[in-house]
Amino acid sequence: MGMCIDIAMPSLLISPPVMTDQKTLNEISRRRTFAIISHPDAGKTTLTEKLLLYGGAINAAGSVRARRDQRTTTSDWMELEKQRGISISSTLLQFDYGGCVINLLDTPGHKDFSEDTYRVLTAVDSVVMVIDAAKGIEERTRKLFEICRLRGIPIFTFMNKMDRPAMHPMELVDQLEKVLGIGAFPVTWPLGSGAEFLGVYDRLQKKLHRFERTAHNKYRAPDQVSSIHDENLRREIPASLLDPWIEELEILSGAGESFAEDQLKAGKITPVFFGSGMTNFGVQLLLDYFIMHGAPPQPRLSVDGRLVSPEDPDFSSFVFKVQANMNPKHRDRLTFLRVCSGKFVKDMVVSDPETGKPVRLSYPQKLFAQERESLEEAYPGDIVGLVTHKAFHIGATLTSNPEIRYDEIPRFPPEAFAFIRNSGASKYKQLRAGLDQLLEEGVIQSFTMPGDYQSSILLGAVGQLQFDVVLYRLQNEYGADPRLEPAPYTQIRWFEPDIKKEQFDNDFLGSGVTLALDIRGQLVILFATEWDANYFAQKRPTLVLHRVSPHETGGSK
Ligand code: G4P
């Protein structure tokens, strides 16, 4: 791989004022960029695969899982994924369906999760929430849902695993409203569950879809469509199943809830689909409805208060993920951009977000899972993987109009802490180099401690898995020999930027409370428990404390 970032002549930066052409407008309106969120094991991977099957991107199910297994042979740090049987890094999938270009960003679905999961949600315009119909709303779903709600992202709900004994559909819908506090509109309604799951009724089209299983569920499930008044139904479906079901449908329509598109777009109601990713039941209906009602690329707010429309002719994008060494053969760094406005063209010149100097965006890649393909152009909604030697920071805005600057990537307060130490004296350089790279990628946050701990670095993560990834990568990619020791904190707060550690003495702080500096030299305070943090704050009401660095949030608490 050659040199990727060239310094171009400054004059190339000045682009003449242009209107967005019709082709670009069409391309924008057909983009649908979304992520699937779920609690681990609810069926996200399975549904992803079935969406690809129904979207025509793969011919037979089985290949995504196969790809997931195969990936570990092409990328060595993903060996960790294999060992843990999980998918750590987000995958991107792009495919054409029904005239739309669908960008599907896979959020890692494992038990411990990382900031990476959250960041993916900054790059999407809609979300599909998969719920295990036997379990209802689980903790991770709730956490991810909260982020979507804060961002006002439209949410589509798929009640999965209806082929197994499930909670009653009314109860599931009720949970959405009570537990998540979001209005729910069932677009489809299941006919039976478990072994008797026969199909779903499309309440908008007023059609019953009855499905048949296929061998190994690899191919599309044959779908017999009929009216609810079809005479054959009485003959083919036992009355004990059919009658209560018709009653439920009447209750639903009697509830008088109508489907309001504007409420969906504002994230205030969620359309609900029932089905089974495993047997392919109900997947097509979700996909078809999604391309009709899923949000096209949305405007984004620049820090100067200007709302940048995707149709703005100026190219703008932001970095939501950086990943080094994805392919050990190349030892390079992939910077993932979400295109927000204008058109991305290979080799285009933008201004460097740090220096303001021109930078050429070469070696753009289109990604399908772990496969890469060279890309010539991209439109708002698209995700571009740039192969770079230069380190762009997560959250950086890359744009042809330097007045646009996005502030899309919030940092999340770490809840797990550990000291990292060098095991032997010899490998310090490797440790430092590796750690610097991982910090740049945003894999982990780091803090320095005064006093006894001067020589060690405190790492902070959202979940324990981030530590495993750090250790694994430091050893395998950088030849370092690090050791992690758990640190007794679970809470961190940032002081106002002008507060210095000399202002506090130990009596003021109290026992079990520690000061540290973040990577920008900002003063932070660490507590063992949330109770300790609250007690500390209560006793010192004039002291302003932030859960995330005020530098990152522009001052929000
Ligand atoms: P995740 O990505 O959300 O973690 O879930 P994943 O798709 O990996 O699914 C978790 C388990 O649930 C898998 O079983 C999968 O086959 C099963 N599953 C997914 N969707 C359905 C469904 O609609 N119905 C039923 N009955 N099961 C479903 P596993 O035993 O862990 O793996 P496997 O051996 O089946 O691959």
Side-chain angles (χ1 to χ4, degrees), residues 34-54 58 60-72 78 81-82 84-93 104-114 116-117 120-121 127-145 156-167 169 172 188 190-200 209 211-221 223 272-287 369 463 465:
F34 77 109
I36 303 183
I37 58 171
S38 74
H39 193 81
D41 278 342
K44 185 168 59 62
T45 312
T46 308
L47 183 65
T48 302
E49 182 162 73
K50 298 310 172 73
L51 288 173
L52 294 180
L53 174 70
Y54 278 88
I58 54 173
S63 37
V64 173
R65 279 176 184 281
R67 207 184 295 274
R68 193 162 78 170
D69 299 339
Q70 179 196 352
R71 222 159 60 183
T72 50
M78 288 178 189
E81 295 188 349
K82 198 170 157 192
R84 304 270 301 248
I86 51 173
S87 141
I88 293 170
S89 65
S90 311
T91 312
L92 294 160
L93 303 159
L104 169 52
L105 281 73
D106 184 18
T107 53
H110 43 75
K111 186 170 147 288
D112 293 313
F113 70 130
S114 63
D116 199 33
T117 317
V120 166
L121 297 178
V127 147
V128 170
M129 176 165 73
V130 181
I131 291 173
D132 182 333
K135 296 188 174 150
I137 294 158
E138 294 172 273
E139 179 251 335
R140 180 65 48 79
T141 315
R142 200 182 322 202
K143 253 181 161 164
L144 291 167
F145 171 85
F156 295 72
T157 302
F158 189 73
M159 298 294 185
N160 193 32
K161 304 198 185 182
M162 287 301 296
D163 59 297
R164 288 225 299 240
M167 284 165 63
L172 287 165
T188 66
L191 174 55
S193 69
E196 285 193 322
F197 181 40
L198 302 181
V200 296
H209 293 252
F211 303 106
E212 249 174 69
R213 284 183 177 225
T214 63
H216 310 298
N217 307 306
K218 264 181 149 180
Y219 302 100
R220 292 153 172 260
D223 173 0
V272 184
F273 298 81
F274 290 84
S276 155
M278 191 177 82
T279 61
N280 305 331
F281 288 18
V283 174
Q284 176 107 52
L285 287 164
L286 171 71
L287 184 60
L465 179 79

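Predicted model, so just to flag it, every value in this text is computed and none were measured. One-based numbering, in listed order, for ligands and for the atoms of each.
Atom numbering of ligand 1 starts at 1 in the shown order; those under 4.0 Å from a heavy atom of Asp41 are 1 (P), 3 (O), 4 (O), 5 (O), 10 (C), 12 (O). Interface of Lys44 with ligand 1, defined as ligand atoms under 4.0 Å from a residue heavy atom, comprises 1 (P), 2 (O), 3 (O), 5 (O), 7 (O). Residue contact check: Ser38 has heavy atoms under 4.0 Å from atoms 3 (O) of ligand 1.
The line from CG of Asp223 to CG of Asn280 is 11.0 Å long, rounded to the nearest 0.5 Å. Summarising the geometry, atom OG1 belonging to Thr188 is positioned 13.0 Å from atom CZ belonging to Phe281; distances are rounded to the nearest 0.5 Å.
Among Lys50, Met162, Lys161, the residue whose heavy atom sits closest to atom 11 (C) of ligand 1 is Lys161.
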Checking Asn160 against Leu47 for the side-chain contact (heavy atoms from CB on, under 4.5 Å) test, could you report, in this order, the C-alpha distance in whole Å, the side-chain angles of both residues, the deciding distance, and whether it holds?
CA-CA 9 Å; Asn160 193 32; Leu47 183 65; 5.7 Å; no

Go through the steps for Phe211 and Val200 under the test side-chain contact (heavy atoms from CB on, under 4.5 Å), then give the verdict.
CA-CA 8 Å; Phe211 303 106; Val200 296; 4.0 Å; yes

Derivation of the side-chain contact (heavy atoms from CB on, under 4.5 Å) call for Ile36 and Leu51
CA-CA 11 Å; Ile36 303 183; Leu51 288 173; 3.9 Å; yes

Given the rule in the side-chain contact (heavy atoms from CB on, under 4.5 Å) test, do Phe34 and Leu104 qualify, once you have shown the distances and angles that lead to the verdict?
CA-CA 5 Å; Phe34 77 109; Leu104 169 52; 3.6 Å; yes

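Between Ser276 and ligand 1, at least one N/O pair is under 3.5 Å apart. Of the N or O atoms in Gly277, one or more lie within a sub-3.5 Å distance of an N or O in ligand 1. Polar contact check, Pro40 against ligand 1: no nitrogen or oxygen pair lies under 3.5 Å apart.
Under 4.0 Å from ligand 1, the heavy atoms of Arg164 that appear belong solely to its side chain. Looking at Thr45 against ligand 1, both its backbone and its side chain come within 4.0 Å, counting heavy atoms. With a heavy-atom cut-off of 4.0 Å, Asp163 touches ligand 1 through its side chain alone.
With sequence neighbours excluded, the residues forming a side-chain contact (heavy atoms from CB on, under 4.5 Å) with Glu138 are His39, Asp132, Lys135, Thr141, listed by chain and number.
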